[in-house]
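Since the structure comes first, as structure tokens, the remarks are kept for the end.
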There are 2 protein chains.
Amino acid sequence: MPTEALKKLKTAESEKISHLDYFNIAISVDCVIFGFEKKELKILLIKSDLAEFANKWSLLGDFIKPAEDLDSAPYRVLKQRTGLNDVFLQQVGSFGTINRHPSGRVITTAYYSLINIKHHQMKITDNEVHWHMIETIKELAFDHKQIMEACLKRLREQVVDEPVIFNLLPEKFSLRELQDLYQAILGIKLDRRNFRKKIAMKNWLDDIDEMEDDVPHRPGKLYKLKTDLKNNKPLKSSVKKAKV
Amino acid sequence: MPTEALKKLKTAESEKISHLDYFNIAISVDCVIFGFEKKELKILLIKSDLAEFANKWSLLGDFIKPAEDLDSAPYRVLKQRTGLNDVFLQQVGSFGTINRHPSGRVITTAYYSLINIKHHQMKITDNEVHWHMIETIKELAFDHKQIMEACLKRLREQVVDEPVIFNLLPEKFSLRELQDLYQAILGIKLDRRNFRKKIAMKNWLDDIDEMEDDVPHRPGKLYKLKTDLKNNKPLKSSVKKAKV
DNA sequence: AGGGTTTGTGTACAGATTACACGTTATCAA
DNA sequence: TTGATAACGTGTAATCTGTACACAAACCCT
């Protein structure tokens with residue numbers, strides 16, 4: 001029984017959650033926070049504070065509070081760690097093998113988040129928090145590698161049909177930036193002409209009649225996501241056809 | 001703080017989980033168990049044992065045990081309630097609004113399951129457990145209606161690409177039965193000739209050279225799912241193309 | 001002024017999806 | 001045995017979708 005072990009739990013929040021001593025099973029949330037920079041998909045990680053995982057990186061997470069909804073907890077975590085409000089967040093799944101946490105029984109619910117690295121001028125207060133390129137991540141603390149992969153899989157499924165990808169881009173962007181982002185997420189190269197045709201058909205974008213002005217080559221047009229699609233909600237207009 | 005309220009928790013398992021008294025947040029699993037009978041998609045429900053939900057139906061669930069993996073708990077629930085082993089089960093999501101359970105703070109992880117109503121000769125020991133047609137379900141205890149809908153959505157997404165639907169059918173089945181099942185799940189009518197062509201292309205089935213013998217009309221051929229697809233695992237052979 | 005880089009655009013082919021009809025084989029009841 | 005009923009088994013043409021592919025123009029930089 002891991003109750004004793006839980007008493008040793010030590011986190012940034014440990015003072016405030018002394019009631020943990022009485023838990024048999026503790027509940028946490030973990031966030032896989034994706035960002036996009038220099039044509040690379042990245043995720044935000046923090047140095048683990050557990051001796052068992054010294055020098056290992058881990059996802060941003062926290063224990064859930066008695067008086068907060070499960071789905072609210074990751075918003076709090078993001079707010080605390082990055083200062084960001086109104087981020088895109090979606091639940092991916094819960095992970096609860098018995099020994100996934102060395103200090104005791106902890107079940108965690110994973111969320112993925114998409115944020116625009118540059119635009120928000122995040123105050124990453126904690127200097128142990130850094131962006132990492134996904135391909136270079138070999139190992140993470142706990143089962144966080146597995147959680148990261150589940151979230152990446154979900155992301156790849158969702159960007160195809162739903163306009164969630166724009167949470168990773170600035171307000172105004174070129175089609176090249178959008179294509180680079182799709183390629184970084186899906187890990188494949190796309191044909192430029194066919195990509196533009198496909199995006200045009202989805203009817204997600206407004207041409208705002210502006211041009212890039214900071215590129216060392218011919219500038220492209222800038223676009224915005226249509227305002228009625230900015231709510232991060234699943235798309236109503238795209239009625240999916242049954243394929244069987 | 002709902003700790004006091006939790007002491008009042010009363011379930012079939014309550015003797016064995018007296019440690020619940022010490023929980024601040026309890027964790028449960030709930031199963032949305034789909035079956036197929038008479039061209040209708042059904043789910044298995046149990047009469048709620050809480051006074052607050054007297055005469056309401058609810059999903060089959062239980063609190064998680066300290067020494068069991070989260071993803072093992074729903075297998076135990078199904079074994080206990082229906083006697084079934086080796087069922088198809090998949091995690092769908094976790095639900096944890098503060099007031100979802102009237103007796104205290106309970107976060108639940110939902111799973112969906114597909115079982116063959118007839119074949120397994122289930123011993124439904126508890127006579128408060130019954131199959132219900134999905135369309136007729138107006139209300140369930142707790143937030144179970146919402147959970148059911150999330151699971152139905154997931155099921156509809158999965159049957160299109162992955163050979164999970166066969167868990168709802170007997171070992172041998174006709175293409176008509178399969179089409180009726182797809183139609184019940186997706187809620188649409190399919191063209192018979194195109195459906196057969198599509199199924200043939202997926203290459204999921206073996207023609208076993210037998211015929212129906214219990215139908216009041218011309219019998220159809222019987223098929224089996226190819227044995228290498230019976231493991232309930234995601235399909236390797238169907239490499240999905242990126243659609244962007 | 002010229003080299004480098006990216007933009008913007010259309011068409012032809014292949015593959016997939018859809019709509020649609022008729023003769024056949026079985027059961028059932030008269 | 002006959003006729004009514006119900007589902008089986010099968011193919012083609014029209015349309016839509018996905019893919020492969022090339023060239024002139026715009027801008028930056030030196």
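So you know, we letter chains A, B, ... as the sequences are listed, proteins then strands, and number each from 1.
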Most 5' of B:R196 and A:V215 on DNA chain D, judged by nearest nucleotide: B:R196
Pick the nucleotide of DNA chain D nearest each of B:H217 and A:P219; which residue has the one closer to the 5' end? B:H217
Once you round to the nearest 0.5 Å, how far does CG of A:L45 lie from SG of A:C31? 12.0 Å
Got a salt bridge between A:E149 and A:K153, using NZ or NE/NH1/NH2 to carboxylate O under 4.0 Å? no
Is a salt bridge present between B:K224 and B:E210, judged by a nitrogen-to-oxygen distance below 4.0 Å? no
With a non-hydrogen cut-off below 4.0 angstrom, is A:K197 in contact with a base, only sugar-phosphate, or nothing? base
Heavy-atom side-chain contact between B:K226 and B:N203 under 4.5 Å: yes
I'd like to know if the side chain of A:R176 reaches the main chain of A:R192, judged simply by a donor and an acceptor atom lying under 3.5 Å from each other, with no hydrogens or angles considered. no
Choose from D:dC21, C:dA21, C:dT18 the nucleotide whose nearest atom is closest to any side-chain atom of B:N194. C:dT18
Among the nucleotides C:dC20, C:dG8, D:dC21, whichever has the atom closest to the side chain of B:R193 is C:dC20
Residue whose nearest DNA chain C nucleotide is more 5′ - A:R218 or B:R192: A:R218
Exactly one of B:D209, B:D207, B:D213 clears salt bridge (charged side-chain N to carboxylate O under 4.0 Å, His left out) with B:K221, and that residue is B:D207
Does a distance-only test, which skips hydrogens and angles, find a donor-acceptor pair under 3.5 Å between the side chain of A:K198 and the base of D:dT17? no
Near-strand residues of residues 172-183 of chain B, defined as heavy-atom separation under 4.0 angstrom from DNA chain C: none
